[in-house]
**Student:** 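This is the structure I have questions about; it appears just below.
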Amino acid sequence: MTILNYFKELYHINDEIEQFFDSIIEVKEYAKGEIIFEPGAYLKYIYFIESGFTRIYYYKNKREITHYFFGPNSFGTGIESVFYKKPSLFGFQALAPSKVCRIPFAAIDELANTNITVNKIIQKVLLDSLINFSNRFYKMQFETAHERYNALIEENPELFQNASLGHIASYLGISQQTLSVIRGLK
């Protein structure tokens, strides 16, 4: 789904807003394994995944840790970098061939000051991100690794075709050995 079709499903997008988005959005294709941005980058864009599969990751003790996965019709970015102009804690990587829209945040932020529809779009993207990360935090706090794994399979069956077991294990907060044991119980 294109980003404009995604927005149109949520809101009434008039011709002026559609032309605005058409003029600022850059669509880029990434190969499997390609880095979209590295941790430490200063970000100016919000990313919308039209197709493919991506992940947000960071480094801890010289190891890559997967923070979150994003499939089609989802947004990703380093929020702290875009909003507060700080270096991003996270990197962003394509896990499969991916078509990704780059939306310059400054342009939509400026229009949001005078356009309620664009303001609502920004609010929805932020609220969806907050809810997703809140749910992830809850699961890490209150569910067992086995429960988290089962939920991940149910919510994202395509994940297992796109992400490595190492990415999945780090996302679940477990070792690859523990993941193998859990998978063996199925």
Side-chain angles (χ1 to χ4, degrees), residues 1 3 6 9-10 29-41 43 45-84 86-101 122-186:
M1 171 182 300
I3 190 167
Y6 179 83
E9 283 187 2
L10 300 173
E29 295 194 19
Y30 294 92
K32 178 181 180 174
E34 192 171 350
I35 301 297
I36 299 168
F37 61 80
E38 293 272 359
L43 305 178
Y45 300 97
I46 304 291
Y47 298 86
F48 178 79
I49 295 81
E50 281 190 4
S51 64
F53 212 79
T54 62
R55 75 179 179 123
I56 293 274
Y57 67 96
Y58 61 93
Y59 293 106
K60 176 141 176 121
N61 300 326
K62 298 182 182 179
R63 292 185 51 220
E64 276 187 14
I65 307 295
T66 298
H67 185 60
Y68 208 80
F69 295 106
F70 297 92
N73 305 321
S74 60
F75 289 90
T77 194
I79 292 174
E80 74 289 339
S81 186
V82 170
F83 282 87
Y84 298 115
K86 294 180 177 182
S88 177
L89 301 172
F90 305 102
F92 202 30
Q93 179 184 32
L95 296 178
S98 300
K99 189 174 184 181
V100 179
C101 297
I122 291 172
Q123 286 177 6
K124 168 121 177 68
V125 169
L126 289 173
L127 184 58
D128 286 350
S129 294
L130 179 62
I131 290 168
N132 289 335
F133 289 119
S134 178
N135 289 337
R136 173 154 163 65
F137 181 73
Y138 175 86
K139 288 176 183 183
M140 291 298 284
Q141 291 288 108
F142 300 110
E143 292 182 357
T144 67
H146 195 263
E147 290 170 329
R148 292 193 307 270
Y149 175 77
N150 287 336
L152 191 60
I153 289 174
E154 190 175 308
E155 295 165 6
N156 291 305
E158 72 279 1
L159 173 69
F160 293 86
Q161 299 161 2
N162 294 297
S164 73
L165 292 179
H167 295 153
I168 293 167
S170 71
Y171 173 78
L172 293 171
I174 59 177
S175 69
Q176 280 188 253
Q177 293 81 6
T178 302
L179 179 57
S180 293
V181 170
I182 291 170
R183 291 182 63 179
L185 297 174
K186 283 284 182 190

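Predicted model only: the values in this text are computed from it and were never measured.
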**Student:** Going from CZ on R183 to CG on L165, what distance comes out if it is rounded to the nearest 0.5 angstrom?
**Tutor:** 5.0 Å
**Student:** Hey, is the main chain of F70 close enough, under 3.5 Å, to the side chain of S74 for a donor-acceptor pair?
**Tutor:** no
**Student:** Using every non-hydrogen atom in the two residues, find where T66 and S170 come nearest and quote the distance to one decimal.
**Tutor:** N-OG, 2.9 Å
**Student:** At their closest point, which heavy atom of L10 faces which heavy atom of K124, and how far apart are they?
**Tutor:** CD2-CE, 3.6 Å
**Student:** Report the residues that fulfil salt bridge (Lys or Arg N to Asp or Glu O under 4.0 Å) with K86, sequence neighbours left out, ordered by chain and then residue number.
**Tutor:** none
**Student:** So, taking the atom named CG in L172 and the one named CD1 in I182, what distance separates them when rounded to the nearest 0.5 Å?
**Tutor:** 7.0 Å
**Student:** For T144, is there any backbone N or O sitting under 3.5 Å from a side-chain donor or acceptor partner on E147?
**Tutor:** yes
**Student:** Would you confirm whether S88, through its side chain, and G40, through its main-chain N or O, come within 3.5 Å as a donor-acceptor pair?
**Tutor:** no
**Student:** Could you give the distance from CG (L89) to NZ (K60), rounded to the nearest 0.5 Å?
**Tutor:** 12.0 Å
**Student:** For E155, is there an ion pair with R148 - N to carboxylate O distance below 4.0 angstrom?
**Tutor:** no
**Student:** Going through the distances and angles, do E50 and C101 end up as a side-chain contact (heavy atoms from CB on, under 4.5 Å)?
**Tutor:** CA-CA 7 Å; E50 281 190 4; C101 297; 3.0 Å; yes
**Student:** Applying ring-ring contact (aromatic ring centres under 6.0 Å, His included), can you list everything that pairs with Y47, at least two apart in sequence or on another chain?
**Tutor:** F37, F92
**Student:** Could you check whether any side-chain N or O of E154 sits under 3.5 Å from a backbone N or O of A151, counting only pairs where one atom can act as donor and the other as acceptor?
**Tutor:** no
**Student:** Tell me the closest heavy-atom pair linking I49 and G76, and the distance in Å.
**Tutor:** CD1-N, 4.5 Å
**Student:** Return yes if some donor-acceptor pair links the side-chain N/O of S81 with the main-chain N/O of G78 below 3.5 Å, else return no.
**Tutor:** no
**Student:** Could you pull out the closest heavy-atom pair between N73 and M1, with the gap in Å?
**Tutor:** OD1-CB, 3.1 Å
**Student:** Just by modelled atom types, is the G33 backbone N or O under 3.5 Å from a matching donor or acceptor in the Q93 side chain?
**Tutor:** yes
**Student:** Can you list the steps and then say if F48 with V100 is a side-chain contact (heavy atoms from CB on, under 4.5 Å)?
**Tutor:** CA-CA 6 Å; F48 178 79; V100 179; over 6 Å; no
**Student:** Just to verify, which of Y57, F69, F160 counts as forming a ring-ring contact (aromatic ring centres under 6.0 Å, His included) with Y171?
**Tutor:** F69
**Student:** So how far is it from L43 CG to Y45 OH, rounded to the nearest 0.5 Å?
**Tutor:** 10.5 Å
**Student:** Okay, side chain of S98, backbone of Y30: is any donor-acceptor separation there less than 3.5 Å?
**Tutor:** no
**Student:** Out of curiosity, Y59 OH to K62 NZ, how far, rounded to the nearest 0.5 Å?
**Tutor:** 12.5 Å
**Student:** Are any side-chain N or O atoms of R136 and backbone N or O atoms of H67, one a donor and one an acceptor, separated by less than 3.5 Å?
**Tutor:** yes
**Student:** Provide the closest heavy-atom pair for M140 versus G173 in the form atom of the first, atom of the second, distance.
**Tutor:** CE-CA, 4.0 Å
**Student:** Testing L130, I122, D128 for side chain to side chain contact (heavy atoms under 4.5 Å, CB included) with L126, which one passes?
**Tutor:** I122
**Student:** Quick check: closest heavy atoms across G52 and P72, and the distance to 0.1 Å?
**Tutor:** O-CD, 3.3 Å
**Student:** Rounded to the nearest 0.5 Å, how far does CG of L152 lie from NZ of K139?
**Tutor:** 8.0 Å
